[in-house]
Amino acid sequence: MRFLSPVRHCRAAWRLAFLLACGSAPAWAQVDGVAPSAPPQPAAPAAPAAPPDTRPAPKPIPDATDDDESRALDAEARRTARAARPPVTTRFLIELDAPEELHDFLLRHLNIQRFREQRSLDAAELERLLSELPANARELLATRGYFAPSIEIGETLPPTPAAVASAGEGPVPLGRIPVRVEPGPPTTVQSVQISFLGDIASDVDVQAQREAIQREAALLTGQRFTQDQWDRTKSAALRRLTAERYPGGRISSSLADVDGASSSARLYVELDSGARRRFGAIEIDGAQRYDAEMSARIVRLTGLTPGSDYDLSKLQQAQQRLLDSGYYDAAFVYVEPGAGGEPLPVKVQLREALRQKLVLGIGASTDNGARLSLEHIHNRLPGIGWRALSTLRFERQDSLASTDWSSPLNNEGWRWISLLQMARLDNNQVETTSQRARFGQAQEGVEYDRSIYLQYDRARTLTDSERLSGIRGRIESSLTANYAWARERFDDPISPNRGHALAVELGAGTTLGITRKPFGRTQARWLGYFPLDREAELPSTVPGERPTARPPTRLGRLALRLEGGAVIAEDSTPVPDTQLFYAGGDTSVRGYGLRDIGVVQPDGSVLAGRYKAVVSLEWQRPVWGDGVSRSPFEHVLFVDGGAVANRVQNLDFQWGVGTGLRYNSPVGPLQVDLAYGLEVRKLRLHLSVGFVF
């Protein structure tokens, strides 16, 4: 049996009532296709004949299917009508007279601008929108630190003939509205007060953390107040609170007290640290190919041990060291802060790398031209469990074959290292073939890296004139004991804005062969970044924030690089060329080719020297888009100088000057520099990718 819906029942009832009222319904009417099932009754006596019905026949009432079709036709008709209407041009134009720094900002964010192309907008509605414009503009100006602006709206001017013509058959433009904005004096931050609640207020050993939060927030004092910078300061204060000891910290309250009469603002933030938390046990998930204890040891070596205070930077360092080890394609180190003060288990999720991997690389550089490389990685050599990286690399001037083996880290972070290498360097008129063997230990610490090793070097140097004369070239070899130490303190390891780094190498040994003489070798490199705007010292918003999101700085920063090297030995000591120095190239002295700066020989060839000095000063200035947020592009001006000689008094600097562009990509800066070598009087293009100290 078919059941009718309530709607269908209602329609059927109305149809039956209508038919009965018209006198044309049979004794047993069929409603919506459903016939009654009752048995027929005996026929009634015949009634007198009724006069013919002259009323018009009732119009049929459509059912639900007819309604759907009708609505679809109506919708299609409306769409067709809309498509046939002429396009809407700008209905009105705001002619804004405001300072340059606010002009585009106001035009972009004023609410009235959202109605510029509304077809149904009329003069009355436009007047209503204009009455709301001053209040909206004052709210926008307050976010930029202007709390006493003057806003004037002039009489609406008729639209220009060009605007009327462009409207065509569409709605006629409503006119031009002059708006004049005088922002008044900017508001300056007079003071920033930070107060604390929770354990941080009473813990006696966290005074340095409290002072760091207050000192960083106080950098806003004396700056122009803006809502954006105020939000950054609060976020940075919370970030520094939750980065150490108190992961459950929060902003309890905040207030910006603005005095319009003196155009000053006093800022207040109250931070609630919650309970002090410590790390718990380390839980490893995903260790299959490699020992779980090895990954736990890497985590502990960052200082992340059970019972130590919670430290976000240690979690990040542990995660990065797991990735740098080469054993893992992905690593996540985190805790789940919950209520209470119990220790937080450190959870380590790993996706292990393949035991063996073969990598084919193709590239190019302005120093060496096209490059083809082949790398084989074995993460666990049979029998000893060491990691091996073997490389073949072919370039226009250089070629290299090497294999580098290293053991897993021990509990102190040291590992055994060994290296076998063969290389060929082809400079202008000079060819150097060399072999190197190294064995020792290395430690990658939290604060610094260091290594101790023995190294054997053998090199044969052959100039073009010697080749033409049938001479096989000079062959020298040496054995040295070496110590290397490096420390980096940059605010960002990929695209630093401030900080410095220092690397030092010390070596002592003896030459081999018929003549054995002692010698010493030292080399140092220092790099520093110095922001030029005070705004660059203001806090950032969130941990791990990309450099493009830092507070805007128009003056940028200076980058100063210093390099020096010396080989201390008698003049007659046959030191291998691989222990001597060259300068020039993309990362040395721009404006000169790779290893172009050295000791010039009578035949014009350039050999390595015993002393090296390099200096570079670079001004890196952001390229600005809207004047508010920092663009990832930067323009640079630089001066490079370098000298190589066999005696200190013979060091004669060769200079290069130039300009270039940087693009701060997620993998590091992409650098394009055009440099002019003052001594060679030539322009040279330099391309490089990534930040490497």
List in chain and number order the residues that pass side-chain contact (heavy atoms from CB on, under 4.5 Å) with Thr403, two or more places apart in sequence or in another chain; answer none if no residue qualifies.
Ser390, Trp405, Leu420

Sort and list the pairs that fulfil salt bridge (Lys or Arg N to Asp or Glu O under 4.0 Å) and have at least one residue in residues 644-660, not counting sequence neighbours.
Asp571-Arg647

Check for a donor-acceptor pair, side chain of Glu375 on one end and backbone N or O of Leu360 on the other, with a separation under 3.5 Å.
no

All side chain to side chain donor-acceptor pair (under 3.5 Å) counterparts of Glu444, not counting sequence neighbours:
Arg415

Going by side-chain contact (heavy atoms from CB on, under 4.5 Å), name the residues that satisfy it together with Ala318, two or more places apart in sequence or in a different chain.
Val299, Thr302, Leu304, Val333

Under the rule for side chain to side chain donor-acceptor pair (under 3.5 Å), what residues qualify as partners of Thr226, not counting sequence neighbours?
none

Residues 599-609, side-chain donor-acceptor partners within the protein, below 3.5 Å, at least two apart:
| residue | atom | partner | partner atom | Å |
| --- | --- | --- | --- | --- |
| Gln601 | NE2 | Val599 | O | 3.2 |
| Asp603 | OD1 | Ser605 | N | 3.1 |
| Asp603 | OD1 | Ser605 | OG | 2.7 |
| Asp603 | OD2 | Ser465 | OG | 2.5 |

Residues in side chain to side chain donor-acceptor pair (under 3.5 Å) contact with Glu395, at least two apart in sequence or another chain
Asn368

What residues, two or more places apart in sequence or in another chain, satisfy salt bridge (Lys or Arg N to Asp or Glu O under 4.0 Å) together with Asp426?
Arg424

Quick one: salt bridge (Lys or Arg N to Asp or Glu O under 4.0 Å) partners of Arg610, sequence neighbours excluded?
none

Does NZ or CZ of Arg590 lie under 6.0 Å from the centre of the six-membered ring of Phe638, at an angle within 45° of the ring axis?
yes

With the threshold set at 4.0 Å, does a side-chain nitrogen-carboxylate oxygen contact exist between Arg321 and Asp324?
no

Is there a donor-acceptor pair closer than 3.5 Å between any side-chain N or O of Gln435 and the backbone N or O of Gln421?
no

Using salt bridge (Lys or Arg N to Asp or Glu O under 4.0 Å) as the criterion, list what pairs up with Arg561, not counting sequence neighbours.
Glu563

Only counting residues at least two apart or in another chain, list the ones meeting side chain to side chain donor-acceptor pair (under 3.5 Å) with Arg662.
Glu618, Gln671, Asp673

Heavy atoms only: give me the nearest Leu560-Trp526 pair and the separation to one decimal.
O-CZ3, 3.6 Å

In this structure, are over 12 heavy atoms from other groups packed under 6.0 Å from Ile362 atom CD1?
no

Lys/Arg cation over aromatic Tyr529: Arg557, 6.0 Å, 45° cone:
no

Aromatic ring proximity, centroids under 6.0 angstrom, Tyr483 and Trp485
no

Lys314: partners by salt bridge (Lys or Arg N to Asp or Glu O under 4.0 Å), with sequence neighbours left out:
none

Should Arg239 and Glu216 count as an ion pair when the cut-off is N to O under 4.0 Å?
yes

